[in-house]
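Following: one structure in structure tokens, then a few remarks.
It should be emphasised that the depicted structure is a prediction, and the values quoted were computed from it without experimental measurement. All chains are named by letter (A, B, ...) in the order of the sequence lines, taking the proteins before the strands, and each is independently numbered beginning at 1.
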There are 2 protein chains.
Amino acid sequence: MTAVQNRIAAPRQAVSQVASIRRALLAQIAQGLPEDGRLPAERQLSEQFATTRITLREALLQLEADGVLYREERRGWFVAPPRLHYDPTARGYFERMVREQSRIPHTRLLHVESMAATPTIAALLDIEPLAPVYMIRRARSIDGRRVLFVEHYLNSACFPHFERFGDKALSRSLTELYRRYYDIEYGRVRFEITPAALPELPARVLKVAAGSPALYVQRVNADQHGRWIDCDLEYWRQDAIKVCIEA
Amino acid sequence: MTAVQNRIAAPRQAVSQVASIRRALLAQIAQGLPEDGRLPAERQLSEQFATTRITLREALLQLEADGVLYREERRGWFVAPPRLHYDPTARGYFERMVREQSRIPHTRLLHVESMAATPTIAALLDIEPLAPVYMIRRARSIDGRRVLFVEHYLNSACFPHFERFGDKALSRSLTELYRRYYDIEYGRVRFEITPAALPELPARVLKVAAGSPALYVQRVNADQHGRWIDCDLEYWRQDAIKVCIEA
DNA sequence: TAGTGGTCTAGACCACTGA
DNA sequence: CAGTGGTCTAGACCACTAA
């Protein structure tokens with residue numbers, strides 16, 4: 001076997017301060033230091049590590065990128081709970097998926113309206129632009145922590161009299177509702193996953209600073225007859241999930 | 001239809017400086033300002049926007065998180081090319097996938113060795129810890145830009161006399177090599193996708209600062225007989241791909 | 001060697017959270 | 001209200017890239 005060693009240059013500097021702070025924090029976390037999962041204040045930590053808040057923050061941000069820590073806006077830094085295993089090919093049932101992993105789900109309805117499809121939505125659902133759709137915005141939590149902001153767009157043509165459903169029904173599983181009232185089961189699915197910076201609205205809902213990194217998942221769902229019936233635009237807290245797929 | 005409006009609080013402040021710089025940069029980029037895709041220096045930009053480098057950098061970092069810009073370490077900021085559509089269920093053929101999207105692929109072999117499986121690798125391949133595996137590290141580029149650092153681990157038991165292959169063979173498609181010399185085709189696949197901060201080595205290879213956000217993809221591949229034959233640990237430049245799946 | 005980003009200092013004020 | 005993170009200033013030195 002030919003050795004193709006040393007093509008990668010050696011490290012350029014000993015160890016950056018940020019790197020060693022990061023390591024120290026990881027060690028502290030591994031020891032389970034913060035009882036309630038909450039870290040000491042940034043100012044306190046920066047003092048402890050004899051550095052600036054900016055530098056300390058850099059280390060925290062990297063741990064956030066790694067999914068080890070997360071923030072709640074102006075509340076503080078917390079140790080991230082284990083990631084939810086999320087299989088986007090298993091449709092519907094956010095609630096069931098969460099419960100199966102011994103966690104407690106919660107869904108909150110934020111907004112619902114009947115509107116005309118934007119060009120993007122029309123393309124996804126394969127309908128005419130301006131065709132009527134229902135838009136539903138929801139926030140979903142795991143163990144009391146907001147992890148997902150989602151906009152559902154339903155092709156109105158597939159869901160006559162959808163207006164009749166109240167807040168309560170729309171805070172529960174849509175999958176269930178489809179089956180019960182429309183005899184619709186999910187069929188094929190298409191989806192895309194991209195890292196993205198959080199726009200204003202999802203950021204507010206997830207209690208995160210706008211522009212923070214997140215995972216954006218866009219799904220289009222067909223029913224058992226192959227019609228594209230709805231699509232979901234999902235913004236996940238980046239540390240909250242691990243996408244797991246078998247094929 | 002019940003109106004569940006205004007549950008989301010109004011914006012807390014007018015517009016942050018970072019947000020407006022971000023918008024201004026986006027507008028400039030949309031106009032195609034940087035000829036070669038390269039942005040002016042940070043110091044120059046911070047002067048142009050009458051702000052500090054730190055603040056300016058914050059805006060750049062958010063655009064990076066969004067996949068609009070990317071960095072090369074100590075070289076500068078660049079406008080990100082379109083994302084590669086990456087379907088992890090279509091195995092092998094990085095090269096073909098890239099060419100089909102009218103881009104130019106390149107693979108560089110970094111390192112190859114025969115070693116004992118670590119506990120993680122052993123678990124993935126369903127073999128005994130310390131069982132022999134081949135490890136291959138490669139860097140892959142699109143249109144001359146490094147986008148992927150990957151470690152392949154091959155179950156040695158499935159690939160007798162693998163040592164005979166030289167650098168050249170290992171810089172090409174493994175899929176091809178499997179088929180040609182071992183009569184092995186890919187079968188099932190399992191994979192996981194998580195956002196992650198770049199460790200030292202992949203960062204160096206991708207010419208990015210360590211700790212930068214990236215997309216981590218871990219895949220385990222079976223052959224036509226259902227044996228787990230190899231696994232890939234992939235670190236992608238976060239802006240380089242859009243994961244697209246149909247099921 | 002000049003110019004770049006990477007890292008770091010030592011502060012400051014503000015908007016918001018929670019008691 | 002005190003305390004938190006969010007944002008911002010005005011510098012500095014270093015390691016590296018590219019010419």
Side-chain angles (χ1 to χ4, degrees), chain A residues 8-22 34 36-64 69-78 146 197-198 200 203-213, chain B residues 8-22 34 36-64 69-78 146 197-198 200 203-213:
Chain A
I8 307 162
R12 287 162 305 249
Q13 48 181 308
V15 181
S16 77
Q17 198 171 163
V18 167
S20 51
I21 294 174
R22 200 176 48 200
D36 53 348
R38 183 177 201 147
L39 265 60
E42 291 181 359
R43 287 173 179 80
Q44 200 174 324
L45 286 171
S46 63
E47 196 171 340
Q48 176 184 330
F49 291 108
T51 184
T52 342
R53 245 183 94 203
I54 302 250
T55 303
L56 182 269
R57 238 174 115 80
E58 177 65 24
L60 293 174
L61 289 169
Q62 289 188 11
L63 290 171
E64 181 189 42
L69 300 179
Y70 72 97
R71 281 181 276 181
E72 288 192 17
E73 237 206 331
R74 287 170 216 279
R75 281 198 2 99
W77 290 87
F78 302 83
R146 291 268 172 100
L198 276 180
E200 285 280 338
R204 217 142 58 220
V205 170
L206 296 181
K207 298 180 187 167
V208 175
S212 301
Chain B
I8 307 163
R12 286 163 302 246
Q13 50 181 306
V15 181
S16 77
Q17 199 171 161
V18 166
S20 51
I21 294 173
R22 200 177 48 199
D36 54 349
R38 183 177 201 147
L39 264 61
E42 291 182 358
R43 288 173 178 79
Q44 201 174 325
L45 285 172
S46 63
E47 196 171 341
Q48 177 185 328
F49 291 108
T51 184
T52 341
R53 244 182 96 205
I54 302 250
T55 303
L56 183 270
R57 239 174 115 79
E58 176 65 24
L60 292 174
L61 288 168
Q62 289 190 9
L63 290 171
E64 181 188 42
L69 301 179
Y70 72 97
R71 282 181 277 180
E72 289 192 18
E73 236 206 333
R74 288 169 215 280
R75 281 197 4 97
W77 290 86
F78 301 83
R146 291 268 173 96
L198 276 180
E200 285 281 338
R204 217 141 61 218
V205 170
L206 296 180
K207 299 180 187 167
V208 176
S212 300

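- Between the P atom of dT17(D) and the CZ atom of Arg204(B) lies a distance of 12 Å, rounded to the nearest Å.
- Once rounded to the nearest 0.5 Å, the distance linking CG of Leu39(A) with CG of Leu69(A) reads 5.5 Å.
- As rounded to whole Å, 8 Å separates atom P of dG5(C) from atom CG of Leu45(B).
- Residue-environment remark: CD (Gln48(A)) exceeds the threshold of 12 foreign heavy atoms within 6.0 Å.
- One finds the CZ atom of Arg75(B) at 5.0 Å from the CZ atom of Arg38(B) (value rounded to the nearest 0.5 Å).
- A straight line from CG of Leu56(A) to C1' of dT7(C) spans 14 Å, rounded to a whole angstrom.
- Regarding Trp77(A), its CH2 atom lies at a distance of 17 Å from the C1' atom of dT17(C), rounded to whole Å.
- At the phosphate of dT9(D), OP1 or OP2 sits under 4.0 Å from a side-chain N or O atom of Thr55(B).
- A donor-acceptor contact under 3.5 Å is formed by the side chain of Arg43(B) with the base of dG5(C).
- Taking for each of Gly76(A) and Ile54(A) the nucleotide of DNA chain D with the nearest heavy atom, the 5'-most of the two is the partner of Gly76(A).
- One N or O donor and one acceptor, one from the side chain of Arg53(B) and one from the base of dG6(C), sit under 3.5 Å apart.
- Nearest approach of Ser20(A) to Gln17(A), heavy atoms of both residues: OG-O, 2.9 Å.
- In terms of phosphate contacts, Arg74(B) brings no side-chain nitrogen or oxygen within less than 4.0 Å of OP1 or OP2 of dC14(D).
- Residue Tyr70(A) contributes atom OH, which lies 14 Å from atom P of dG6(D) at whole-angstrom precision.
- Straight-line distance from the CD atom of Glu58(A) to the P atom of dT9(C): 12 Å, rounded to whole Å.
- OP1 or OP2 of dG6(C) has not a single side-chain nitrogen or oxygen of Ser16(A) nearer than 4.0 Å.
- Where Val18(A) and Arg75(A) each meet DNA chain C at their nearest nucleotide, the meeting point lying more 5' is that of Val18(A).
- Minimum heavy-atom separation, Ala210(A) to Ala203(A): CA-CB, 3.6 Å.
- Rounded to whole Å, the distance from NZ on Lys207(B) to C1' on dG6(C) is 17 Å.
- Between Gln17(A) and dG6(C) there is no side-chain polar atom (N or O) within less than 4.0 angstrom of OP1 or OP2.
- In this structure, CZ of Arg71(A) is placed 16 Å from C1' of dT17(C), rounded to the nearest angstrom.
- Where Glu72(A) and Thr52(A) each meet DNA chain C at their nearest nucleotide, the meeting point lying more 5' is that of Thr52(A).
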